[in-house]
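Working notes for the structure below.
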Amino acid sequence: MAGEVLLVLNAGSSSLKFSVFDAAPGRNADLLAKGQVEGIGSRPRLLASRNGAGTAVDLPPAAAPEAGHESALNHAVDWLRAQFQGATLAAVGHRVVHGGAEYAQPVRVDDEVLRRLEAYCILAPLHQPNNLAAIKAVRQRLPALPQVACFDTAFHRRHPAVADRFALPEALYAEGVRRYGFHGLSYEYILHTLPGVAPALAKKRLVVAHLGSGASMCAVRDGQSVDSTMGFTALDGLPMGTRCGAIDPGVLLYLIKAKGMDADAVERLLYQDSGLRGLSGVSNDVRDLLASDAPGARLALDCFVYRASRELGGLAAVMGGIDALIFTAGIGEKSAEIRRRICQAAAWLGLELDDRANEAGAPCITRPGSRVSAWVIPTNEERMIALHTMALMRQETAGAA
Ligand code: ADP
């Protein structure tokens, strides 16, 4: 195909997700193709689709473990080249988990930006190095191609100080130990779509619940994030698929001092063996837990709903009340049962669920007249990155003209 396209990359620890959008002037950034290389470092596999036709191929393992991501990118690029012969790649937009205290907006990557972003690797050791490795690999192949970094933290940068601070000495805050908040690209996308779905809500007090394998909730007032359940890392707040969520830091001292666990063992426990998986002993997937009779499965879902309800009350308090609750991401979009249980627990806020609308996953799932309304709005972080990247490129072109 001829014309301009835009590539969006989301490089995780063991997967590389990619999407291609139409970037032709006057077009609305339509999705043209998407895919991922999963199993990087173990059994890499490329899954991709375009125009409804899918591809799934096992890839040869990388020559060395540290070459896994670069090799994944090369395979993805080969597939894309074959699919989009004749098209011009206008730019690459990247999901970058951490923009530190510095970046409240997407930014065009150059040497200086890359150097600054490297400094945040220590704040997100499981994600940031992979995000930056993808940027560097593209730079190596195509040095002149514009690349834009879009941050999960950026949307939360205007938090008031009270929401940003831990009760720790100033020196730690100054070196970056603060509550950043994550899932910002998802929250931005929800706000971007809101005028089309529920225009009256755009300026209201909202809690957006991004409930996926990673889960967080965000208080939004006048379109701005005022607080969220995630903090310094994406471990805080709600229990997640495999992550623990909020935990008394004394537990960590116990694990280290009384049980002699080292940092790697604690990290594994908190990131991979906790949350719904740890609580249930059955699965990290809500579908499995809903289908299971095991007492642990029930307990895990009870804890998830309990914590979400508690955080909802806290975030409503931060805004002096709430006008709407919005569910998004895998669990939020697809599980009527979890939405029902969270909404039932929110009856005290004046939220009256409409069971039929909830079962149907209709955008509005509360009864007419409900003081607090509830909504289901699908998220799309890749599209948000595409929109940011196109906007920045157009801004630069306009600035240069
Ligand atoms: P991520 O992008 O963070 O990997 P998603 O937002 O896709 O995650 O959410 C994945 C999770 O959504 C799954 O682990 C599962 O728990 C949940 N999920 C997906 N589909 C359903 C469903 N039909 N019913 C209940 N939960 C679901």
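Basis for what follows: all heavy atoms, side chains included, without hydrogens, waters or symmetry-related copies. Model, not experiment: these values are computed from the prediction.
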Under 3.5 Å side-chain donor-acceptor pair for [X] and [Y]:
X      : Y      : result
Ser186 : His210 : yes
Ser225 : His159 : yes
Glu333 : Thr328 : yes
His388 : Glu188 : yes

Sidechain-backbone polar pair: [X] side chain, [Y] backbone, donor-acceptor under 3.5 Å:
X      : Y      : result
Ser309 : Ile342 : no
Thr153 : Gly99  : yes
Arg205 : Gly320 : yes
Gln128 : Leu117 : yes
Ser274 : Leu269 : yes
Ser280 : Ser283 : yes
Arg95  : Cys150 : no
His69  : Gly12  : yes

Using the rule given for side chain to side chain contact (heavy atoms under 4.5 Å, CB included), can you reason through Gln147 versus Val138, listing the C-alpha separation, both sets of side-chain angles and the distance that settles it, and then say yes or no? CA-CA 9 Å; Gln147 299 200 71; Val138 173; 3.4 Å; yes
Is the shortest side-chain heavy-atom distance between [X] and [Y] below 4.5 Å?
X      : Y      : answer
Tyr120 : Val97  : no
Arg116 : Val113 : no
Asp285 : Leu289 : no
Leu47  : Glu38  : yes
Met217 : Leu238 : yes
Phe18  : Val8   : no
Val20  : Leu6   : no
Phe304 : Val286 : no

Does a salt bridge link Arg165 with Glu170, judged by any charged N lying under 4.0 Å from a carboxylate O? yes
Is it true that Glu112 and Arg115 have a side-chain N and a carboxylate O under 4.0 angstrom from each other? yes
How are the rings of [X] and [Y] set relative to one another: parallel (under 30°), tilted (30 to 60°) or perpendicular (over 60°)?
X      : Y      : result
Tyr187 : His183 : perpendicular
Tyr103 : Phe151 : parallel
His98  : Tyr180 : perpendicular

Show, in sequence, the C-alpha distance, side-chain angles and deciding distance for Leu206 and Ile190, and conclude whether the side chain to side chain contact (heavy atoms under 4.5 Å, CB included) test is met. CA-CA 11 Å; Leu206 316 172; Ile190 298 299; over 6 Å; no
Is it true that the NZ or CZ of Arg178 lies under 6.0 Å from the centre of Phe232's six-membered ring and within 45 degrees of the ring axis? no
Geometric cation-pi criterion Arg341 and Tyr306, 6.0 Å radius, 45° cone: no
Stepwise salt bridge (Lys or Arg N to Asp or Glu O under 4.0 Å) test for Asp164 and Arg157: CA-CA 9 Å; Asp164 228 20; Arg157 276 314 344 111; 3.4 Å; yes
Before giving the answer on salt bridge (Lys or Arg N to Asp or Glu O under 4.0 Å), spell out for Lys17 and Glu382 the whole-Å C-alpha distance, their side-chain angles and the decisive distance to 0.1 Å. CA-CA 9 Å; Lys17 295 186 182 149; Glu382 277 75 22; 5.8 Å; no
Heavy-atom closest pair, residues [X] and [Y]:
X      : Y      : result
Gly369 : Glu352 : O-OE2, 4.3 Å
Leu73  : Ala134 : CD2-O, 4.3 Å
Met230 : Arg179 : O-NH2, 3.5 Å
Gly237 : Glu311 : CA-OE2, 4.3 Å
Phe327 : Cys343 : CE1-SG, 3.7 Å
Leu114 : Arg139 : CD2-NE, 3.7 Å

Can you tell me which residue among Arg221, Arg371, Lys204 is in a side chain to side chain contact (heavy atoms under 4.5 Å, CB included) with Asp323? Lys204
To the nearest 0.5 Å, how far apart are [atom1] in [X] and [atom2] in [Y]?
X      : Y      : atom1 : atom2 : result
Leu32  : Leu7   : CG    : CG    : 11.0 Å
Asn380 : Tyr189 : CG    : OH    : 5.0 Å
Glu175 : Leu123 : CD    : CG    : 9.0 Å
Gln395 : Met390 : CD    : CE    : 13.5 Å
Leu276 : Met240 : CG    : CE    : 10.0 Å

Intermediate values then yes/no, side chain to side chain contact (heavy atoms under 4.5 Å, CB included), Cys218 and Val207: CA-CA 5 Å; Cys218 181; Val207 170; over 6 Å; no
How about [X]: does its [atom1] atom have over 12 heavy atoms from other parts shown lying under 6.0 Å from it?
X      : atom1 : result
Asp293 : CG    : no
Leu290 : CG    : yes
Lys34  : NZ    : no
Arg394 : CZ    : yes
Arg45  : CZ    : yes
Arg141 : CZ    : yes

Might you work through the salt bridge (Lys or Arg N to Asp or Glu O under 4.0 Å) test for Glu396 and Arg108, ending with a clear yes or no? CA-CA 10 Å; Glu396 286 191 6; Arg108 170 95 174 252; 2.3 Å; yes
Could you walk me through whether Arg340 and Asn358 satisfy the side-chain hydrogen bond (donor to acceptor under 3.5 Å, both in side chains) test, starting with their C-alpha distance in whole Å, then the side-chain angles of each, then the deciding distance to 0.1 Å, before giving a yes or no? CA-CA 7 Å; Arg340 185 185 65 74; Asn358 182 42; over 6 Å; no
Stepwise salt bridge (Lys or Arg N to Asp or Glu O under 4.0 Å) check, Arg339 with Glu359: CA-CA 9 Å; Arg339 289 196 303 263; Glu359 288 298 330; over 6 Å; no
Intermediate values then yes/no, side chain to side chain contact (heavy atoms under 4.5 Å, CB included), Val37 and Ile40: CA-CA 7 Å; Val37 177; Ile40 298 174; 4.0 Å; yes
